[in-house]
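As a basis for the values below, the full set of heavy atoms in this structure was taken, side chains included, without hydrogen atoms, waters or symmetry mates.
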Amino acid sequence: MSGAEPGPEDLKIITLARSARARVAAAEGAAVRDETGRTYAASAVALPSLRLSALRLAVAMAVSSGAASLEAAALVSDGTDLDPADLAAVRDAGPAAVIFHTATDGTVRETLLP
């Protein structure tokens, strides 16, 4: 599904997600914004004993920091599809959150509205 164009605050989390990915040359990067405007950025983790997608890690960081809900999320990846488990994590923490899936250059591929 497609939806609204990203606003200035949405572009900020897209940029943070791109930066998180680039910083460690990860397969994907993500960022989320909570109800107070705080942002959390993460890259995918691929250790022998721990694998976390960037989006699930960003959600976990927000929740573990006390976020009551999420307003928006951004995932930057080469992939064309969003993982259903990633979507579920965002919806668990922010049922009304908008989700932006972007290419590595920041071009929005898909916007998922609640």
Side-chain angles (χ1 to χ4, degrees):
M1 321 176 223
S2 60
E5 290 295 313
E9 291 300 309
D10 302 322
L11 293 173
K12 178 181 172 184
I13 63 169
I14 291 169
T15 299
L16 288 170
R18 290 182 67 208
S19 296
R21 179 185 178 274
R23 186 171 32 260
V24 295
E28 58 185 28
V32 298
R33 183 177 64 247
D34 73 11
E35 78 284 357
T36 66
R38 291 179 297 182
T39 57
Y40 307 85
S43 62
V45 174
L47 299 173
S49 63
L50 178 65
R51 294 199 178 276
L52 286 171
S53 72
L55 195 49
R56 280 179 262 177
L57 181 53
V59 170
M61 291 169 59
V63 171
S64 70
S65 295
S69 67
L70 299 180
E71 291 183 343
L75 173 67
V76 175
S77 71
D78 288 326
T80 57
D81 295 321
L82 288 166
D83 184 330
D86 284 349
L87 295 176
V90 173
R91 293 293 176 233
D92 285 347
V98 61
I99 304 168
F100 298 98
H101 181 211
T102 72
T104 57
D105 67 358
T107 304
V108 176
R109 287 189 176 126
E110 185 176 27
T111 303
L112 299 174
L113 300 172

According to the salt bridge (charged side-chain N to carboxylate O under 4.0 Å, His left out) rule, which pairs have a member within residues 65-76, sequence neighbours left out?
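Salt bridge (charged side-chain N to carboxylate O under 4.0 Å, His left out) check on residues 65-76 returns Arg33-Glu71.
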Are [X] and [Y] connected in the hydrophobic side-chain network, where two residues link if heavy atoms are under 4.5 Å apart?
| X | Y | value |
| --- | --- | --- |
| Val45 | Val76 | no |
| Val63 | Leu87 | yes |
| Val98 | Leu11 | yes |
| Leu70 | Met61 | yes |
| Ile13 | Leu113 | no |

List the atom pairs, with distances to 0.1 Å, where a side-chain N or O of residues 46-60 and a protein N or O form a donor-acceptor pair under 3.5 Å, not counting sequence neighbours.
{"residue": "Ser53", "atom": "OG", "partner": "Arg56", "partner atom": "N", "Å": "3.1"}
{"residue": "Ser53", "atom": "OG", "partner": "Arg56", "partner atom": "NE", "Å": "3.1"}
{"residue": "Ser53", "atom": "OG", "partner": "Asp86", "partner atom": "OD1", "Å": "2.5"}
{"residue": "Arg56", "atom": "NE", "partner": "Asp86", "partner atom": "OD1", "Å": "2.7"}
{"residue": "Arg56", "atom": "NH2", "partner": "Asp83", "partner atom": "OD2", "Å": "3.1"}
{"residue": "Arg56", "atom": "NH2", "partner": "Asp86", "partner atom": "OD1", "Å": "3.4"}

Where His101 and Asp81 come nearest, the two heavy atoms and their spacing:
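The pair with the smallest heavy-atom distance is CE1-N, 4.1 Å.
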Heavy-atom pair of closest approach, residues Ser77 and Arg109
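Nearest pair, atom of Ser77 first, then Arg109: O-NH1, 2.8 Å.
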So, taking the atom named CD1 in Ile14 and the one named CG in Leu75, what distance separates them when rounded to the nearest 0.5 Å?
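Here the interatomic distance stands at 10.5 Å.
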Straight-line distance of Asp10 CG to Ile99 CD1, nearest 0.5 Å
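Rounded to the nearest 0.5 Å, the CG-CD1 separation comes to 12.0 Å.
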Got a sec, which residues hit side chain to side chain contact (heavy atoms under 4.5 Å, CB included) with [X], two or more places apart in sequence or on another chain?
| X | value |
| --- | --- |
| Ala20 | Arg23, Ala41 |
| Ser43 | Val24, Ala26 |
| Ser69 | Glu35 |

Mark yes or no for whether Arg18, through its side chain, and Thr102, through its backbone, hold a donor-acceptor pair below 3.5 Å.
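Side chain of Arg18 to backbone of Thr102: no pair is present.
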Which residues pass the side chain to side chain donor-acceptor pair (under 3.5 Å) test with Asp105, sequence neighbours left out?
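Scan of Asp105 (side chain to side chain donor-acceptor pair (under 3.5 Å), adjacent residues dropped) gives Thr107.
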Measure the shortest side-chain to side-chain distance between Arg91 and Leu112 over non-hydrogen atoms and say whether it is less than 4.5 angstrom.
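A side-chain contact under 4.5 Å exists here.
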Could you pull out all residues at least two apart from Arg21 that satisfy salt bridge (charged side-chain N to carboxylate O under 4.0 Å, His left out)?
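Salt bridge (charged side-chain N to carboxylate O under 4.0 Å, His left out) check on Arg21 returns Asp78.
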Arg38: which residues meet the salt bridge (charged side-chain N to carboxylate O under 4.0 Å, His left out) condition with it, sequence neighbours left out?
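With neighbours one apart ignored, the set is Asp34.
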